[in-house]
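First the proteins, then the strands, lettered A, B, ... as listed; each starts at 1.
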Amino acid sequence: MKSNIRVRFAPSPTGMLHIGGLRTALFNYLFAKHHGGTFILRIEDTDQNRYVDTAEKDITTSLEWAGLTVDEGPVQGGPCAPYRQSERSALYRKYAEQLVEAGHAYFAFDTTDEIEAMRERLIKSGNPSPKYDAITRQSMKNSLTLPQEEVKRRLEAGEEHVIRLKVPRRDTIKFDDLIRGTVSFDSGMLDDQVLMKSDGLPTYHLANVVDDHTMEVSHVIRGEEWLSSAPKHILLYQYFGWTPPVMAHLPLIMSPAGGKLSKRNAEELGIPVNVRDYVKGFYEPEALINFLAFLGWNPGDDREMMTMDQLISEFSLERVSKAGAVFNMKKLLWYNEQYFRARTPEQLLSSLKDWIVRHKDDLDDAFITTFLSHTDAENAAVLGIMTDRVSGIHEMADNIQYFYVAPGAFKPEDVAKAWKPGSSELVAAYVERVAGMDPFEAQPLHDALHALATEKGLGLGKLMQPLRLALTGKTFGPDLFEFLARIGKEESLERLSKALKELVA
RNA sequence: GCCGCGUUCGUCUAGGGGCCUAGGACGCCUCCCUUUCACGGAGGUAGCACGGGUUCGAAUCCCGUACGCGGUACCA
């Protein structure tokens, strides 16, 4: 049996999908799926000025990457199509006029200059927050003050106008929010919200209410920035005679610098705000989802790692917290490592290949060709050795290069750290011992070094560091002996003798 | 300014009157493992914003203060 739980994610295509938007979408999705309900994507493109035509595609692909499957939306269609507000214009006009007829809204002909003048006048006379409301509308040009004949004439002449909501002068508007409990507002604080703009398109408030009702949305789950406008929506439902959906206002995601996460106060701190950047970067989608789910929600026990299926079965709005949550980059990185390390070598290989394609300009050509000339099995084996030593696919590409190509110039700081006086003699002595070794395998290579260390009365580490530097050009990396065996005797000896020549000490 | 919402370790959070000497996770620190680097394991560090009530008893309930955040558009 199909659940009648229906929720929607309703972004405005004004730019790339924001990380906070993805979190809102995720909570909607989890709630819907938990109840066997429907997850709707609705594009709220009623602002022609801020419209960005690549935005919708970005939203769609980002949701897909994150694993949030849309049930009804512009791409998949559905019983309430169309799912773009720009394609539903006629509907809003009809409902707005219905409200005018019922006496809950009115036509207004004031120009923006006239409204501005009214506000300035009020500010001057000591009113700090002037509104177009039950009091001021009496002195403005609208269908409540103008003679009926004139209103009709202006309308028929096609004069520019808006339709405004007739907010009562004094009334308490109360509603129950699933997350915040009972919330109440005084209608005197609201202004006569514009419902239909002069360009013929609805404002968010009207379109949102009409669509949520006509699409039979049962729960409105959105960010806390909407809490203040919720009373307008409640009023609208009341005037239309519709039952409002259940409201749930999610706590906002905050920047460590304070305030809600915005491009400015987040990206300076290394926190990408566009989901796009996570998709293109080294992030595992499961990690981002797990992290985001735990921003304002938790299962109530000590679990930290949860798959999408587990999140779905455990999710409930009752467990969503009220306070804003600061985005903790270090924790995201930790989640990313966890999911990254849980990948099989085969999965790693495929994501590394994607990574290489995307970053081929930043990577060494010789490395790429050599890498691609190896079999998948060989490459996967290399990745398997490295997963526990790097934290993400981005580091993988940088840290396996020496499996394929000899290191280039040594970095002075690495040399200072790993190549000490006497290192040359030790490396030369090791070369001597393994040059004739056959087969060239990890265990005997290890034993040889061990013997050398014992003879010289040194710790294995003293020998290991310069050898590692000479062979890989790095100061950390995988088990050296396995590494030697993998690149083979010829290549190993070649690298060591080259290093011996370059690193005099 | 006004309206609304919020406030437990640095951060994410558990907690719904006695089980709290406030638990977990990230971070940070120490130790163990590894004669490298990591992974891993074991510990440690650190918090109920403040002030009044209510109660035998309050992190938990009520009031106030402070602070933070959101809103205050013909933007969403």
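Whole-Å rounding puts the A:Lys474 NZ to B:rA38 C1' distance at 14 Å. Whole-Å rounding puts the A:Arg389 CZ to B:rU34 P distance at 15 Å. B:rC74 atom C1' lies 13 Å from atom CD of A:Glu116, rounded to whole Å. Per the geometry, CE belonging to A:Met247 stands 15 Å off P belonging to B:rC5, to the nearest Å. Taking atom CG on A:Asp302 and atom C1' on B:rA25, their separation rounds to 8 Å, with Å as the unit. Atom pair A:Glu395:CD and B:rC39:C1' shows a separation of 13 Å (rounding to whole Å applied). Distance CG (A:Asp199) to P (B:rC74): 12 Å, rounded to an integer number of Å. Taking atom CZ on A:Phe327 and atom P on B:rU11, their separation rounds to 16 Å, with Å as the unit.
Looking at every heavy atom in both residues, A:Val273 comes nearest to A:Leu261 through CG1-CG, 4.3 Å.
For the P atoms, the distance from B:rG52 to B:rC12 is 28 Å, rounded to whole Å. With both ends at atom C1', the span from B:rG44 to B:rC19 equals 25 Å, rounded to whole Å. A gap of 16 Å separates the C1' atoms of B:rG68 and B:rU8, to the nearest Å. A gap of 14 Å separates the C1' atoms of B:rA59 and B:rU13, to the nearest Å. The gap from the C1' atom of B:rG17 to that of B:rC2 amounts to 37 Å, rounded to the nearest Å. When the P atom is used for both B:rA42 and B:rG4, the distance is 50 Å, rounded to whole Å. Here, B:rG18 and B:rC39 have their P atoms 41 Å apart, quoted to the whole Å. Taking atom C1' in both B:rC63 and B:rU55, one finds a spacing of 16 Å when rounded to whole Å.
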Is there any protein nitrogen or oxygen under 3.5 Å from a nitrogen or oxygen in nucleotides 69-73 of chain B, and what are the pairs?
from: B:rG70; atom 1: OP1; to: A:Lys260; atom 2: N; distance (Å): 3.2
from: B:rG70; atom 1: N2; to: A:Ser228; atom 2: OG; distance (Å): 3.3
from: B:rG71; atom 1: OP1; to: A:Lys260; atom 2: NZ; distance (Å): 3.3

Below 3.5 Å is the cut-off: list the nitrogen or oxygen pairs between protein and nucleotides 27-33 of chain B, distance only.
none

Every protein N/O within reach of nucleotides 15-17 of chain B N/O, cut-off under 3.5 Å:
from: B:rG15; atom 1: OP1; to: A:Arg319; atom 2: NH1; distance (Å): 3.3

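Taking A:Glu284 as the reference, A:Glu286, A:Ala287, A:Asn336, A:Tyr339, A:Phe340, A:Arg343 meet the side-chain contact (heavy atoms from CB on, under 4.5 Å) condition, with sequence neighbours excluded. Qualifying salt bridge (Lys or Arg N to Asp or Glu O under 4.0 Å) partners for A:Asp192, counting only residues two or more places apart in sequence or in other chains: A:Arg137. By the side-chain hydrogen bond (donor to acceptor under 3.5 Å, both in side chains) test, A:Tyr132 is found to be paired with A:Asp110, A:Asn142, residues two or more places apart in sequence or in another chain being considered. Considering only residues two or more places apart in sequence or on other chains, A:Glu120 meets the salt bridge (Lys or Arg N to Asp or Glu O under 4.0 Å) condition with none of them. When the salt bridge (Lys or Arg N to Asp or Glu O under 4.0 Å) test is applied to A:Glu267, the partners found at least two apart in sequence or on another chain are A:Lys263. In this structure, the salt bridge (Lys or Arg N to Asp or Glu O under 4.0 Å) partners of A:Arg50, at least two apart in sequence or on a different chain, are A:Asp47.
The residue A:Arg303 sits apart from the nucleic acid: no heavy atom pair falls under 4.0 Å. A:His249 comes within 4.0 angstrom of nothing in the nucleic acid, heavy atoms only. As judged by a 4.0 angstrom heavy-atom cut-off over every strand, A:Thr46 is placed among residues touching the sugar-phosphate backbone only. No contact: A:Asp301 has no heavy atom under 4.0 Å from any strand. Note on A:Gly223: nothing from the nucleic acid sits closer than 4.0 angstrom, heavy atoms only. Counting any heavy atom pair closer than 4.0 Å across all strands shown, A:Arg180 reaches sugar-phosphate atoms only and no base atom. Contacts of A:Leu480 with the nucleic acid, taken as non-hydrogen atoms under 4.0 Å apart, are absent. Residue contacts for A:Val326: at a heavy-atom cut-off of 4.0 Å it reaches the sugar-phosphate backbone alone, with no base atom in range. Nucleic acid contact for A:Asp110: base, since at least one base atom lies under 4.0 Å from a heavy atom of the residue.
For residues 10-27 of chain A, no pair satisfies salt bridge (charged side-chain N to carboxylate O under 4.0 Å, His left out), with sequence neighbours left out. Here salt bridge (charged side-chain N to carboxylate O under 4.0 Å, His left out) pairs that include residues 181-190 of chain A, with residues two or more places apart or in two chains, are A:Arg170-A:Asp186.
Under 4.0 angstrom from either OP1 or OP2 of B:rA76 there lies at least one side-chain N or O belonging to A:Lys197.
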Scan the side chains in residues 380-393 of chain A for donor-acceptor partners under 3.5 Å anywhere in the protein, sequence neighbours excluded, and list what turns up.
from: A:Thr387; atom 1: OG1; to: A:Gly384; atom 2: O; distance (Å): 3.3
from: A:Arg389; atom 1: NH1; to: A:Gly477; atom 2: O; distance (Å): 3.2
from: A:Ser391; atom 1: OG; to: A:Glu395; atom 2: OE1; distance (Å): 3.2
from: A:Ser391; atom 1: OG; to: A:Glu395; atom 2: OE2; distance (Å): 3.2

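Between A:Arg341 and A:Glu337 there is a salt bridge, with a side-chain nitrogen of the basic residue lying less than 4.0 Å from a carboxylate oxygen of the acidic one.
In B:rC37 the base sits anti relative to the sugar, since the glycosidic angle is further than 90° from 0.
Residue A:Lys141 qualifies as enclosed at atom NZ: its count of foreign heavy atoms under 6.0 Å is above 12.
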